[in-house]
2 protein chains.
Amino acid sequence: MGAGSSTVAVRAGEPSSRERILDAAEDLFARRGYAGVGLREVAEDVGLGKSSLFHHFPNKPELYAAVCARILERIDAGVARSLARSGSAAERFLGAIDDLVLALSRRPGDARILLRSLFEDDDLPGESAEQKRGEAFVKRIVSRVEAVLGEGMAAGGIRRASPRPLLLLVVGLVVFPAASGEFGEELIGGAVQAPQNLALIREETRRLLAQGLVIPIVG
Amino acid sequence: MGAGSSTVAVRAGEPSSRERILDAAEDLFARRGYAGVGLREVAEDVGLGKSSLFHHFPNKPELYAAVCARILERIDAGVARSLARSGSAAERFLGAIDDLVLALSRRPGDARILLRSLFEDDDLPGESAEQKRGEAFVKRIVSRVEAVLGEGMAAGGIRRASPRPLLLLVVGLVVFPAASGEFGEELIGGAVQAPQNLALIREETRRLLAQGLVIPIVG
DNA sequence: GGACGGACCGACCGATCGGTCGGGTGACAT
DNA sequence: ATGTCACCCGACCGATCGGTCGGTCCGTCC
């Protein structure tokens with residue numbers, strides 16, 4: 001299929017083979033994890049022979065690292081854009097979280113791979129360049145959010161807290177709902193991405209961060 | 001090794017082979033996921049031949065399902081115990097969450113497998129009895145927490161909210177920090193289980209649920 | 001004593017894994 | 001015309017996968 005798409009100059013608008021490999025691999029890794037996906041399956045989804053994958057990526061760990069790095073790059077860019085808006089630190093923080101919830105729910109695969117890459121230790125043994133690139137994006141994202149949190153605490157719009165443990169909680173709070181598959185669907189009735197469900201999740205996330213859950217005792 | 005430990009009547013206090021297989025499998029599955037663990041490795045950790053595993057479990061999916069079910073059973077029991085304490089619904093809810101954070105941080109493998117089983121869809125293809133047992137525990141846990149939330153909302157100690165989406169958020173909030181491995185360690189300085197870090201996480205979790213993060217505008 | 005069955009084992013099976021190899025094809029520069 | 005290079009392929013490799021099989025050992029029951 002797609003006859004004549006293999007000229008040296010990539011047809012404008014058509015993704016390159018490398019990009020299509022990343023797309024297919026991302027989709028599969030998101031569903032079944034690193035060890036659960038075979039390169040034959042990736043190649044078949046792309047429409048290439050398995051050996052062609054090795055022309056674009058040296059081996060499986062590097063392919064996975066590239067998938068992760070691409071996702072983290074997207075998320076970092078989105079967070080940067082969200083935080084660049086105007087408003088108080090607290091407003092920018094809440095807005096960025098809301099944007100992130102929205103973005104992850106639109107791309108559940110991103111949420112899942114992100115979640116995996118954050119809580120699986122020894123998926124990848126080596127320390128490749130692509131892997132370091134991904135870790136750098138993680139650090140950038142963390143430092144961005146940490147900065148706005150610190151700003152908000154200094155300004156008084158965000159209550160004083162330990163920023164790093166708090167970040168850990170927020171990551172789970174934001175990433176998991178978008179990543180939860182059948183469990184999320186069964187819990188709330190229907191897909192997380194469905195407009196009305198997504199609206200509820202965004203609303204509850206915002207209110208939880210903004211107001212907590214327990215009603216303070218008045219007087 | 002372990003000469004003379006294979007009498008029919010299990011030595012009192014010594015776990016049975018089945019239990020030791022579950023222990024080893026839980027440890028490995030927690031670290032590398034379902035597809036990332038080979039049965040040879042499980043058997044070797046236990047100190048048995050690989051074929052002996054099939055004497056206790058019919059196949060790999062059933063072993064995994066049994067591991068999951070055992071974890072979910074533990075968690076359900078803990079949640080039930082926590083919620084049985086006295087106090088207002090809001091207090092019982094916060095107490096149960098705190099207990100759960102504590103329990104999961106003590107057994108990070110539980111947190112990881114729980115997280116995996118909640119957001120990986122097609123890990124297990126079939127519908128075995130053990131798998132249904134696990135799903136039943138999930139439903140019991142959900143209904144327990146949902147009940148106390150509803151009670152709190154009715155009594156006024158917990159603000160009105162959509163219980164199911166809220167539950168989804170809370171699961172991510174509670175489970176992820178305990179499951180986060182190297183990422184969590186790098187983010188906060190040191191292991192999540194370390195007493196001072198654990199105290200911080202418990203404190204921030206409680207305050208986030210109780211008060212939120214943003215300081216309400218007074219006046 | 002002899003049959004039985006639970007627990008365990010080594011050897012083996014077909015399938016699939018990640019990865020290699022040699023070669024083919026077409027665009028392009030010389 | 002020739003060489004080069006990016007891209008792609010089928011065939012193949014050793015290793016490992018989940019799972020089966022026949023058989024051993026030993027305590028229990030009749």
Walking DNA chain D from its 5' end, the first of A/Ile21 and B/Gly38 to be reached, judged by nearest nucleotide, is A/Ile21
Can you check the A/His55 NE2 to D/dC8 P distance for me, whole Å? 7 Å
Under 4.0 Å between any heavy atoms, over every strand shown, what does B/Val37 touch: base, sugar-phosphate, or nothing? Just pick one. sugar-phosphate
Please give, in whole Å, the distance from D/dC17 P to B/Lys60 NZ? 9 Å
Could you check whether B/Tyr34 and B/Tyr64 have their ring centres less than 6.0 Å apart? yes
Please determine if a side-chain N or O atom of A/Ser52 lies less than 4.0 Å away from the OP1 or OP2 oxygen of D/dC7. no
Heavy-atom donor-acceptor pair, A/Ser51 side-chain to C/dG19 base, under 3.5 Å: no
If you check the B/Leu48 side chain, which of C/dC9, C/dC13, D/dT20 turns out closest? C/dC9
When rounded to whole Å, the CZ to P distance for the pair B/Phe57 and C/dC8 reads 11 Å
Let me know the distance between CG of A/Leu39 and P of C/dT20, rounded to the nearest Å. 11 Å
Carefully, step by step, assess A/Val170 and A/Val145 under the rule side-chain contact (heavy atoms from CB on, under 4.5 Å). CA-CA 10 Å; A/Val170 171; A/Val145 181; 6.0 Å; no
Taken to the nearest whole Å, CD/A/Glu44 to P/C/dT16 is 12 Å
Side chain of A/Arg20, backbone of A/Val46: donor and acceptor closer than 3.5 Å? yes
Do any N or O atoms from the side chain of B/Lys50 and from the backbone of B/Gly38 form a donor-acceptor pair under 3.5 angstrom? no
Considering the options A/Glu26, A/His56, A/His55, which one meets the side chain to side chain contact (heavy atoms under 4.5 Å, CB included) requirement together with A/Ile21? A/His56
First encountered from the 5' end of DNA chain D, between A/His56 and A/Lys50: A/His56
Rounded to whole Å, please give me the gap between CZ in B/Arg40 and C1' in C/dA11. 11 Å
With a 4.0 Å cut-off on heavy atoms, is A/Val42 in touch with a base, just the backbone sugar-phosphate, or nothing at all? nothing
Rounded to whole Å, how long is the line connecting atom CZ of A/Phe54 with atom C1' of C/dT20? 9 Å
Nucleotide D/dC17, atom P - distance to OH of B/Tyr34 in whole Å: 13 Å
